[in-house]
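To start, the structure itself, in structure tokens.
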Amino acid sequence: GAVVSQHPSWVICKSGTSVKIECRSLDFQATTMFWYRQFPKQSLMLMATSNEGSKATYEQGVEKDKFLINHASLTLSTLTVTSAHPEDSSFYICSGKGQGYEQYFGPGTRLTVT
Amino acid sequence: SQQGEEDPQALSIQEGENATMNCSYKTSINNLQWYRQNSGRGLVHLILIRSNEREKHSGRLRVTLDTSKKSSSLLITASRAADTASYFCATPQSGGSYIPTFGRGTSLIVHP
């Protein structure tokens, strides 16, 4: 199957700083990318959907000014958590969708805000 | 958006046994997907079943869909320790969408 990578795989940052997470589709062009967050033993919650070259569509309750998403190319999307706080600590997972219905998920990024 | 709910939340079995997980959902769907997640990792797509299909197989996996009962099941036959993971069903976010929304998952432990 197609491969999606995320970088970094884990990050620890101080409260008030910003963190950027990259999501890359390595062997296919992802026309649409999705960002999810997952708390321990919980479901994945969709945060936003982004299409290459256009603004992301955020789910209800997700602050677009806090979670900045950029989908600059068909192989790269970035999520920036601005002014991070401890409650933003979570597991962030991206996925890319190609031409078909299937989504390919990245391995996730563990964010810990101290 | 609707969300599938998996049952049981946790399942512990011995290697070689079969594992059955169920998923129930609320509104009409045109497809349902099952995913697997190893601890602390991303999701792996297992299988998609469309609303006009009743059963689908992939290796040791068997998925059924009963649209009248709004439920689906995932059966893993002859389980292996490597099958230990969380399993999620996912239903479309809305209408004919293929954007999945996930339930809380079933945590499966297969003891060697």
Between chain B and chain A, which N and O donor-acceptor pairs fall under 3.5 Å? A table would be great.
residue, atom, partner, partner atom, Å
B:Gln37, OE1, A:Gln38, NE2, 3.0
B:Gln37, NE2, A:Gln38, OE1, 2.9
B:Gly42, N, A:Pro107, O, 3.3
B:Gln93, NE2, A:Glu59, OE1, 3.0
B:Gln93, NE2, A:Glu59, OE2, 3.1
B:Phe102, O, A:Ser43, OG, 2.8
B:Gly103, O, A:Ser43, OG, 2.8

Open item on the list: Counting heavy-atom pairs under 4.5 Å with chain B, which one of A:Cys94, A:Pro107, A:Gly108 comes out on top?
Closed with: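 Counting heavy-atom pairs under 4.5 Å, the top option is A:Pro107.
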
Task: Which residues share a side-chain hydrogen bond (donor to acceptor under 3.5 Å, both in side chains) with B:Arg54, sequence neighbours left out - done: none

What about [X] and [Y], same hydrophobic cluster or not, with Ile/Leu/Val/Met/Phe/Trp/Tyr joined at side-chain heavy-atom distances under 4.5 Å?
{"X": "A:Leu76", "Y": "A:Ile69", "answer": "no"}
{"X": "B:Leu74", "Y": "B:Leu11", "answer": "yes"}
{"X": "A:Phe34", "Y": "A:Leu68", "answer": "no"}
{"X": "A:Ile21", "Y": "A:Met33", "answer": "no"}
{"X": "B:Leu65", "Y": "B:Ile76", "answer": "yes"}

- [ ] For residues A:Leu44 and B:Phe102, report the shortest heavy-atom separation together with the two atoms involved.
- [x] CB-CD1, 3.9 Å

- [ ] For atom CZ of B:Arg60, decide whether the heavy atoms of other residues, nucleotides or ligands shown that lie under 6.0 angstrom number more than 12.
- [x] yes

